[in-house]
Visitor: 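To start, I am sharing the structure in question, which I have written as structure tokens.
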Amino acid sequence: MSPFINKFSTQHYDLAATLSSGQAFRWRAQGDAWIGVIAGRWVRLRCEDDGVLAETAEPITDWNWLTHYLQLQLDLPSVLASFPDDAPMRSAVAVCRGLRLLRQDPWECLASFILSSTKQIVQIQQIIALLCERYGELVAIPTGEPPAHAFPSAARLAAITEKELRDCKMGFRAPYLLATARMVAEGRIDLERLRGLGVAEAREALIGLPGVGRKIADCVLLFAYGFQAAFPVDVWVMKALRELYFPRRRPTPKRLQKFTETYFGSHAGYAQQYLFHYMRKHVPSATPIPAQLKRKNAHPRRSSGNRPTEPFSYAN
DNA sequence: CTCCAGGCGCCTT
DNA sequence: AAGGCGCATGGA
């Protein structure tokens, strides 16, 4: 056991939900603990009754990198209180209590989500593990632990070939990641500068990158920069929105976007993560893009079971 | 075997 | 502007 341990008092922090809910892809479970690398530092986290225990490989004087990443200072109850007071959100909050949004490194987050398209979370984790193992710097670890790597820098990835990326099993995403890595490495986009922009401008800058569309941009805006207005709509959230809020009609994409921008309050992105996690945890058999969508005059089919509420349209 | 996965970019209408 | 399709890879 490493002697470099600190305990952070906090309430309502569900590490497992937070670290395995598809916002970050590098965390590995070890018993009831979680091992990962943040800002080039190996760290092992464990939930305790009244806080989070953190263990590092080297002495730490300033823990800000960790508290910021985990958003330990956040007043979660007040965020939850900002959600719309409707049955789906109440259910999601009840089921996901303690789920947090992380505040990740922009480059790692951007690269990770470029690799996420049309992949399941397990596969994304595999690709990123390979990428880090091959091109990330070794980081200090406690004795007895397996080697750990930092996430490779944009400059490092910009210097390798598309074939080497493809060999990490990322397929057609390889040219996107390579091109974006080069743009970042060459300073054609400054990821730090985005922090000072409004959400719309920051989104526009991200969408200008190869392999980055609206969904991936919003993931980065939310998970790396903390823009609470970012609301990534993927197949799961789409399914949640349709079934929970538009059970009887098919909203146009524009209408749906307006809804996500206005309905969910000042922490809409947070609400989105609760919906996402709730759908994944509690409707596991559901297919995100049901075939009945393609059928004409089909009633939205109720998947049997665990829906807590009767379908009802909350959209005005 | 087939289907499809936390999409994007490009090509049709 | 809206919709269809190809793109790699691996698991069910």
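The sequence lines fix the lettering, A, B, ..., with proteins before strands; numbering per chain opens at 1.
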Visitor: Let's test your reading of the pairing rules: Watson-Crick or G-U wobble, both distances under 3.5 Å, then write DNA chain B as a dot-bracket string with ( ), [ ], | and dots.
Guide: .||||.|||||||
Visitor: Using a strict 4.0 Å threshold on nitrogen-to-oxygen distance, state whether A:Asp14 and A:Arg97 make a salt bridge.
Guide: no
Visitor: On DNA chain B, does the nearest nucleotide to A:Val237 precede the nearest nucleotide to A:Val212 from the 5' side, or the other way round? Give the residue.
Guide: A:Val237
Visitor: Side chains of A:Met183 and A:Pro210: does their closest heavy-atom pair fall under 4.5 Å?
Guide: yes
Visitor: Tell me, do A:Leu99 and A:Leu76 make a side-chain contact under 4.5 Å, heavy atoms counted?
Guide: no
Visitor: Using a strict cut-off of less than 4.0 Å between a Lys/Arg side-chain nitrogen and an Asp/Glu carboxylate oxygen, indicate whether A:Arg156 and A:Glu137 qualify as a salt bridge.
Guide: no
Visitor: For the P atoms, the ones on C:dA8 and on B:dC11, what distance do you get once it is rounded to whole angstrom?
Guide: 16 Å
Visitor: For A:Phe113 together with A:Phe25, are the ring centres under 6.0 Å from each other?
Guide: yes
Visitor: What is the distance, to the nearest angstrom, from the CD1 atom on A:Ile124 to the C1' atom on B:dC4?
Guide: 14 Å
Visitor: What protein N or O atoms touch nucleotides 11-13 of chain B N or O atoms at under 3.5 angstrom, if any, and at what distances?
Guide:
none

Visitor: Heavy atoms, side chains only, cut-off 4.5 Å: are A:Phe264 and A:Pro84 in contact?
Guide: yes
Visitor: Using atom P in both nucleotides, what's the gap between C:dG10 and B:dC8 to the nearest angstrom?
Guide: 22 Å
Visitor: Checking all strands, does A:Thr252 fall into the base, sugar-phosphate, or nothing category for heavy-atom contacts under 4.0 angstrom?
Guide: nothing
Visitor: Decide yes or no for A:Tyr13 and A:Leu72: does some side-chain heavy atom of the first lie under 4.5 Å from some side-chain heavy atom of the second?
Guide: yes
Visitor: If we take the P atom in both C:dA2 and B:dG6, what is their distance in whole Å?
Guide: 27 Å
Visitor: Just by protein heavy atoms under 4.0 Å, how would nucleotides 6-12 of chain C read 5' to 3' in B, S and -?
Guide: -BBBB--
Visitor: Which part of the nucleic acid, if any, lies within reach of A:Ile207 when heavy atoms closer than 4.0 Å are counted: base, sugar-phosphate only, or nothing?
Guide: nothing
Visitor: Between A:Trp65 and A:Arg41, is there a cation-pi geometry (under 6.0 Å to ring centre, at most 45° from the normal)?
Guide: yes
Visitor: Within this structure, what is the CG-to-P distance between A:Leu209 and B:dG7, rounded to whole angstrom?
Guide: 19 Å
